[in-house]
Colleague: 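One structure, pasted below without further comment.
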Amino acid sequence: MIKTKNISEMLTSLNEEYRFNKNTLSKYLEITEETVDGVAKGNVECLPDDPALRLKILSKAGFLYFGAIEDKDRQLSGFLEVLVSYHGISKLTIAKMAGVEEKDIDRLLANPPEKVEIEVKYKIAVTVMELRFWLKDCELPI
């Protein structure tokens, strides 16, 4: 079970536990490094007043934090699902591009994902990363 954390706890965890680069975090969240430090110390008042901007910052911080703690097979399954459902790429196409069997794609898309050999999973993950990178401009911004 995933314990809910507030943005200060998430940023502290990203900084201290995962050693996330503060400059990159600042750029990604579109706030200064000083603001990142302030929020991590519990001072959420240094965030922009605009509720939409605050929500965007919270959402992006959450994406990073939950990405770090989420089950990796489930994450891969989620990214595969985006390619199949959102982009309309067939499981067969992904399998052929990865050099694996279509049944391996089906096993990763099962809920919960079924066990797949590490070499096969690696090939699928690399293909998924590549496709998501090239197709990112086709996706709606956050």
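Residue indices begin at 1 and follow the sequence shown. Small disclaimer: the values here were computed from a predicted structure and weren't measured.
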Colleague: More than 12 non-hydrogen atoms from neighbouring residues, nucleotides or ligands closer than 6.0 Å to CG on N23, yes or no?
Modeller: yes
Colleague: Could you give the distance from CG (L14) to CG (N21), rounded to the nearest 0.5 Å?
Modeller: 11.5 Å
Colleague: Please assess L11 against L29 for the test side-chain contact (heavy atoms from CB on, under 4.5 Å), listing each intermediate value before the final yes or no.
Modeller: CA-CA 11 Å; L11 291 181; L29 297 176; 3.8 Å; yes
Colleague: Please say yes or no: joined through hydrophobic side-chain contacts below 4.5 Å, possibly via intermediate residues, are L135 and M129 part of one cluster?
Modeller: no
Colleague: What do the steps show when you test F63 against Y28 for side-chain contact (heavy atoms from CB on, under 4.5 Å), and what is the final call?
Modeller: CA-CA 11 Å; F63 293 148; Y28 175 68; 3.8 Å; yes
Colleague: Give, for atom CG of L58 and atom CG of N6, the distance between the pair rounded to the nearest 0.5 Å.
Modeller: 9.0 Å
Colleague: Between L25 and L64, does a side-chain contact (heavy atoms from CB on, under 4.5 Å) hold up when you go through it step by step?
Modeller: CA-CA 9 Å; L25 188 57; L64 286 179; 3.5 Å; yes
Colleague: Nearest heavy-atom pair of H87 and C138: which atoms, and what distance?
Modeller: CE1-CB, 3.9 Å
Colleague: Listed by chain and number, what are the salt bridge (charged side-chain N to carboxylate O under 4.0 Å, His left out) partners of K96, not counting sequence neighbours?
Modeller: none
Colleague: Please confirm whether K22 makes a cation-pi placement over F20, using NZ or CZ under 6.0 Å from the six-membered ring centre and within 45° of the ring normal.
Modeller: no
Colleague: Using a 3.5 Å distance criterion without hydrogens, assess whether the side chain of S8 forms a donor-acceptor pair with backbone atoms of V39.
Modeller: yes
Colleague: May I ask you to check whether E16 and T12 show a side-chain donor-acceptor distance below 3.5 Å?
Modeller: no
Colleague: Please evaluate residues S90 and V84 with respect to the criterion side-chain contact (heavy atoms from CB on, under 4.5 Å), reporting the C-alpha separation (whole Å), side-chain torsions for both, the decisive distance (0.1 Å), and the verdict.
Modeller: CA-CA 6 Å; S90 74; V84 172; over 6 Å; no
Colleague: Linking I/L/V/M/F/W/Y whenever any side-chain heavy atoms sit under 4.5 Å apart, do L76 and V82 land together?
Modeller: no
Colleague: Could you tell me which non-hydrogen atom of L131 sits nearest to which non-hydrogen atom of M97, and how far apart they are?
Modeller: CD2-CE, 3.8 Å
Colleague: Could you grab the distance from atom CZ of R107 to atom OG of S77, nearest 0.5 Å is fine?
Modeller: 13.0 Å
Colleague: For F79, does the CZ atom have more than 12 heavy-atom neighbours from other residues, nucleotides or ligands under 6.0 Å away?
Modeller: no
Colleague: Okay, side chain of E30, backbone of I57: is any donor-acceptor separation there less than 3.5 Å?
Modeller: no
Colleague: Which heavy-atom pair separates F66 from M10 by the least distance, and what is that distance?
Modeller: CE1-SD, 4.2 Å
Colleague: Using distance only, find each side-chain donor-acceptor pair of residues 120-128 under 3.5 Å and give its atom names and separation, not counting sequence neighbours.
Modeller:
from	atom 1	to	atom 2	distance (Å)
K121	NZ	D73	OD1	2.9
K121	NZ	D73	OD2	3.2
T127	OG1	K123	O	2.9

Colleague: How about K72: does its NZ atom have over 12 heavy atoms from other parts shown lying under 6.0 Å from it?
Modeller: yes
Colleague: Rounded at 0.5 Å granularity, tell me how far CD in E102 sits from OG1 in T93.
Modeller: 9.0 Å
Colleague: Starting at CG of N15, measure out to CG of D37 and round the result to the nearest 0.5 Å.
Modeller: 7.0 Å
Colleague: In Å, rounded to the nearest 0.5 Å, how long is the span from NZ of K91 to CD of E81?
Modeller: 9.0 Å
Colleague: Donor-acceptor pairs under 3.5 angstrom involving side-chain atoms of residues 108-119: please list them, not counting sequence neighbours.
Modeller:
from	atom 1	to	atom 2	distance (Å)
N111	OD1	R74	NH1	3.3

Colleague: For residues R54 and L47, report the shortest heavy-atom separation together with the two atoms involved.
Modeller: NH2-O, 3.5 Å
